[in-house]
Protein chains: 2
Amino acid sequence: MARTPAPDLQYSGLDELLGYRLRRAQSAVHRDYNAAFDDLKLTQKQTGVMWLVLCNPGVAQGAIGAALGMDRATMMVIVDRLEARGLLQRVRSRKDARQRELVATPEGQRLMKKVHTRTIAHEKRLKQLFTGTELRTFERLLQKLQSLEDTVEE
Amino acid sequence: MARTPAPDLQYSGLDELLGYRLRRAQSAVHRDYNAAFDDLKLTQKQTGVMWLVLCNPGVAQGAIGAALGMDRATMMVIVDRLEARGLLQRVRSRKDARQRELVATPEGQRLMKKVHTRTIAHEKRLKQLFTGTELRTFERLLQKLQSLEDTVEE
DNA sequence: TATTGTTATACTCTATAACTATA
DNA sequence: TATAGTTATAGAGTATAACAATA
């Protein structure tokens, strides 16, 4: 990524902001993820969609988007790419012709087997940084932040 | 954002992954931030850059990028935008003519006063979700994830 | 030779608005 | 009328590679 060695700067409290800390942590994990999944060419978001399609075959595109907190238009971009790569298919629903049911192709299923294995390894790598108690606490704290999601929408 | 009501899906462990949880939490805070700063038209990243420029006037562009974990090319995009909006200026360094020192314009300084106030309010809003002990724990846990950053680079 | 910034290029995610086809 | 998906469009962040100027 070609970065300069860390300098010596004033932060005036920037690095004490919870939002900033969270962003930097997420950024570090994101880079770590990309490095670990580089050869599979699947981003975190794409993996999330494929993951849910695998364990909810035939579920509507919009339902996946809602579950992952994504806009309809955003889902379109992601599903378009996954479909173009031949990892999943859209099928017009017979129950409600407005909906598109998503199903993984054989190739998508093969890829997701690798992704599962890789994910377990990556997760283990992350969790090694913490004790069991810390992990439970961490998840609880992260969960609290997600409650903001509901506040904004209404 | 036009989202569909939450569906009832299988997750097969996706929602137990630390990386997933972190991403969703960051996403929620990011949306909350954007909603709170909508009228000021400054993103989290742009705010980070302006913040450091304000408390380190004349610091080199690359030093800011390194402090915020950003690539040189990424910094270019962000600084270009801030400069085009008249919020900061690039000045060729007299100590090392390769470097560009960043300084906030009067307009940038005015805007950042508002941003500071707004940030304190936003931070308060976030921190209300937690006790003092929880906050200290949270920051410690997030810090541990940032150690991944060093592991990947070398 | 190495570093700082630059440009060109490409990819991903996000979102709004207007449109269609269905319900 | 309302909903699911689509298209067009735009903004933002990320990164690689090649290049110029400077050290």
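Predicted model, so just to flag it, every value in this text is computed and none were measured. Quick note on labels: first sequence line is chain A, next is B, and so on, each numbered from 1.
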Check whether any side-chain N or O of B:Asn56 sits under 3.5 Å from a backbone N or O of B:Leu52 as a donor-acceptor pair, and report yes or no. yes
Whole angstrom value for the distance that separates C1' of D:dA8 from CE of A:Met76: 12 Å
Return the set of residues passing salt bridge (charged side-chain N to carboxylate O under 4.0 Å, His left out) with A:Arg98 (not counting sequence neighbours), or none when no residue passes. A:Asp96
Do B:Thr105 and B:Gln89 get their side chains close enough for a donor-acceptor pair, meaning under 3.5 Å? no
Whole Å only: how far is the CZ atom of A:Arg23 from the P atom of D:dA12? 15 Å
What is the distance, rounded to the nearest whole Å, between atom CG of B:Asp71 and atom P of C:dA8? 17 Å
Mind calculating the distance between CE (A:Met75) and C1' (D:dT7) to the nearest angstrom? 16 Å
Do A:Arg23 and B:Gln26 get their side chains close enough for a donor-acceptor pair, meaning under 3.5 Å? no
Pairs meeting criterion ring-ring contact (aromatic ring centres under 6.0 Å, His included) with involvement of residues 34-53 of chain A, two or more places apart: A:Tyr33-A:Phe37, A:Trp51-A:His116
Partners passing ring-ring contact (aromatic ring centres under 6.0 Å, His included) against B:His30 (at least two apart in sequence or in another chain): none
Which residue pairs satisfy the ring-ring contact (aromatic ring centres under 6.0 Å, His included) criterion with at least one member in residues 76-107 of chain B, sequence neighbours excluded? none
Partner set under salt bridge (charged side-chain N to carboxylate O under 4.0 Å, His left out) for B:Lys114, not counting sequence neighbours: none
With no hydrogens and no angle check, is any side-chain donor or acceptor of B:Ser147 less than 3.5 Å from a backbone partner on B:Gln143? no
Mind listing the N/O atom pairs, protein and nucleotides 18-20 of chain D, below 3.5 Å?
none

Nucleic acid contacts of residues 93-105 of chain A, taken as heavy-atom distances under 4.0 Å to DNA chain C: A:Asp96, A:Ala97, A:Arg98
Nearest whole Å is fine: how far is C:dT14 P from B:Asp32 CG? 16 Å
Non-hydrogen side-chain atoms of A:Thr119 and B:Tyr20 separated by less than 4.5 Å: no
Starting at atom CD of B:Gln61, determine the distance to atom P of C:dT3, rounded to an integer number of angstrom. 17 Å
I'd like to check the salt bridge (charged side-chain N to carboxylate O under 4.0 Å, His left out) partners of A:Glu123; sequence neighbours left out, ordered by chain and number. A:Lys127
Within residues 77-88 of chain A, those residues having any heavy atom closer than 4.0 Å to DNA chain C are A:Val77, A:Ile78, A:Arg81
Quick one: is A:Arg92 getting a side-chain N or O under 4.0 Å of the C:dT22 phosphate, OP1 or OP2? yes
Output yes when at least one side-chain N/O atom of B:Arg31 is less than 4.0 Å from OP1 or OP2 of C:dT14, else no. no
Selection: residues 37-55 of chain B, any non-hydrogen atom under 4.0 Å of DNA chain D: B:Thr43, B:Lys45, B:Gln46
Applied to residues 35-53 of chain A, the salt bridge (charged side-chain N to carboxylate O under 4.0 Å, His left out) test, sequence neighbours excluded, yields A:Asp38-A:Lys41, A:Asp39-A:Arg118
Let me know the distance between CG of A:Leu68 and P of C:dC13, rounded to the nearest Å. 12 Å
Could you give the distance from CG (B:Leu54) to OG (A:Ser12), rounded to the nearest 0.5 Å? 8.0 Å
How many Å lie between CE on B:Met70 and C1' on D:dA12, as a whole number? 12 Å
Salt bridge (charged side-chain N to carboxylate O under 4.0 Å, His left out) with B:Glu83: which residues, sequence neighbours excluded? B:Arg90
